[in-house]
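Written out below as structure tokens is the structure these notes cover.
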Amino acid sequence: MKSHYRIGQIVPSSNITMETEIPAMLAARQLVRPERFLFHSSRMRMKTVSHDELAAMDGESDRCALELSDAHVDVLGYACLVAIMSMGIGYHRRSEARLHQRTVENGAPAPVVTSAGALVEGLKAIGARRIVVVAPYMKPLTRLVVEYLASEGYDVIDHVALEIPDNMAVAAHDPERLPDIVAGLNYADADAIVLSACVQMPSLPVVAKVEALTGKPVITAAVATTWSMLGALGLERVAPGAGALLSGAY
């Protein structure tokens, strides 16, 4: 049985959070499980979270998949939820299949996880249907995220768009603000709270706090991506301190 796994990350050039939160969750897992993880990234150019920049960035994802497959990674994670969701309903499935095919063609096949697909599947795993969503995007892009989730069978009963267009400013958003932001949402009838519908907006430090304050399972794009990558590797999906999805129950 393997003991070390190479994690490939396809990252927007201005993203500084995916390479922080996902390794942090897997480092916490290493305290309770024997597997060890190595991280390798390839970047796609993007500074402003706009539809045009996101579409241009997504066009670079094939190159990133090829570069990472040169390193024979065991799984690839595509870290930009809104880039995928802004490309049309169901696009995460087409993206994952296409990027996986790039690794096959390069002689180093590896499963591909997108943060968008991971969130969709993570919500399904915990049995959520009615959700509330916190997103850092401008309102038009946030509407696309809400519509995408609705097309996957989720009822977004409340949401907030923080309207932060600059991607570095998204990374600088203080996660300690999130509990108060969630308190302003109508979450009483929700099955789950999407605390960050973006792998760039930090949220990991307050996942457990928001679960305790609301009594609801809390999921984020980064938590869901970690959960999906562990599943793609055939490993137990557990990481301490990362909320219900990574509790080991799913």
Side-chain angles (χ1 to χ4, degrees), residues 5-15 17-19 22 37-125 135 137 141 144-154 167 197-200 220-235 237:
Y5 294 84
R6 296 189 184 102
I7 307 295
Q9 302 190 89
I10 299 175
V11 187
S13 59
S14 53
N15 186 299
T17 305
M18 181 190 188
E19 293 153 310
I22 290 176
F37 303 94
L38 307 169
F39 299 92
H40 312 276
S41 298
S42 180
R43 308 186 90 78
M44 311 170 286
R45 191 77 193 280
M46 188 271 282
K47 294 175 68 177
T48 302
V49 191
S50 66
H51 192 279
D52 288 346
E53 279 207 36
L54 292 169
M57 181 195 75
D58 183 67
E60 298 185 43
S61 60
D62 292 72
R63 170 185 56 79
C64 293
L66 281 171
E67 290 176 356
L68 289 166
S69 64
D70 284 345
H72 288 221
V73 296
D74 296 297
V75 65
L76 281 77
Y78 182 130
C80 192
L81 179 142
V82 73
I84 295 292
M85 291 193 177
S86 67
M87 294 290 285
I89 298 302
Y91 182 69
H92 71 273
R93 297 178 182 88
R94 300 194 295 278
S95 174
E96 290 166 2
R98 188 185 76 246
L99 297 178
H100 170 66
Q101 184 59 30
R102 298 292 87 81
T103 72
V104 171
E105 293 165 357
N106 200 32
V112 176
V113 168
T114 63
S115 54
L119 183 62
V120 167
E121 294 304 315
L123 288 168
K124 180 180 178 181
Y137 317 120
L141 284 175
L144 291 178
V145 170
V146 170
E147 290 167 3
Y148 198 102
L149 291 169
S151 75
E152 295 289 339
Y154 299 105
N167 207 35
C198 173
V199 291
Q200 174 77 325
T220 75
V223 166
T225 301
T226 303
W227 177 85
S228 285
M229 287 197 295
L230 287 169
L233 293 171
L235 299 178
R237 305 197 228 206

Could you pull out the closest heavy-atom pair between Trp227 and Ala125, with the gap in Å?
->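 Heavy atoms of Trp227 and Ala125 come nearest at CZ2-CB, 3.5 Å.
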
What heavy-atom pair brings Ala65 and Thr103 nearest, and what distance separates the two atoms?
->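 So the minimum-distance heavy-atom pair works out to O-CG2, 4.1 Å.
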
Measuring from [X]:[atom1] to [Y]:[atom2], what's the distance to the nearest 0.5 Å?
{"X": "Met44", "Y": "Asn15", "atom1": "CE", "atom2": "CG", "value": "8.5 Å"}
{"X": "Leu141", "Y": "Ser86", "atom1": "CG", "atom2": "OG", "value": "6.5 Å"}
{"X": "Ser228", "Y": "Glu121", "atom1": "OG", "atom2": "CD", "value": "7.0 Å"}
{"X": "Ser13", "Y": "Arg43", "atom1": "OG", "atom2": "CZ", "value": "7.0 Å"}
{"X": "Gln9", "Y": "His40", "atom1": "CD", "atom2": "NE2", "value": "10.0 Å"}
{"X": "Met85", "Y": "Leu54", "atom1": "CE", "atom2": "CG", "value": "12.5 Å"}

Do [X] and [Y] have side chains that get closer than 4.5 Å, going by heavy atoms?
{"X": "Phe37", "Y": "Leu230", "answer": "yes"}
{"X": "Arg102", "Y": "Ser69", "answer": "no"}
{"X": "Tyr78", "Y": "Glu96", "answer": "no"}
{"X": "Val75", "Y": "Ile7", "answer": "yes"}
{"X": "Ile10", "Y": "Ser42", "answer": "no"}
{"X": "Val82", "Y": "Leu144", "answer": "no"}
{"X": "Met57", "Y": "Cys80", "answer": "yes"}
{"X": "Thr114", "Y": "Tyr91", "answer": "no"}

Residues that Arg98 engages under salt bridge (Lys or Arg N to Asp or Glu O under 4.0 Å), provided they are two or more places apart |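 So Arg98 forms a salt bridge (Lys or Arg N to Asp or Glu O under 4.0 Å) with Asp62.
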
With no hydrogens and no angle check, do the side chains of Asn106 and Asp70 hold a donor and an acceptor under 3.5 Å apart?
->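 Yes, because at least one side-chain N or O of Asn106 sits under 3.5 Å from a partner of the opposite role on Asp70.
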
Sort out for me which residue in Lys47, Met46, Glu53 forms a side-chain contact (heavy atoms from CB on, under 4.5 Å) with Asn167.
->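 It is Met46; the other options fail the test.
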
Knowing that exactly one of Thr225, Val120, Thr226 qualifies, which makes a side-chain contact (heavy atoms from CB on, under 4.5 Å) with Ser115?
->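 Going through Thr225, Val120, Thr226 one by one, the side-chain contact (heavy atoms from CB on, under 4.5 Å) with Ser115 is satisfied by Thr225 alone.
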
Start with the C-alpha distance between Gln101 and Val104, add both sets of side-chain angles, then the distance that settles side-chain contact (heavy atoms from CB on, under 4.5 Å), and finish with yes or no.
-> CA-CA 5 Å; Gln101 184 59 30; Val104 171; 4.3 Å; yes

Side chain of His100, backbone of Ala110: donor and acceptor closer than 3.5 Å?
->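 Yes, the answer is positive, given that a donor and an acceptor are paired below the 3.5 Å cut-off.
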
Can you list the steps and then say if Arg6 with Leu68 is a side-chain contact (heavy atoms from CB on, under 4.5 Å)?
-> CA-CA 10 Å; Arg6 296 189 184 102; Leu68 289 166; over 6 Å; no

Arg94 atom CZ: more than 12 heavy-atom contacts under 6.0 Å |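 For Arg94, atom CZ is crowded (more than 12 foreign heavy atoms under 6.0 Å).
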
Full working for side-chain hydrogen bond (donor to acceptor under 3.5 Å, both in side chains) between Glu19 and Ser41 = CA-CA 8 Å; Glu19 293 153 310; Ser41 298; 2.7 Å; yes

Tyr148: what forms a ring pair (Phe, Tyr, Trp, His ring centres under 6.0 Å) with it, not counting sequence neighbours?
->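 Only His92 meet the ring pair (Phe, Tyr, Trp, His ring centres under 6.0 Å) criterion with Tyr148.
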
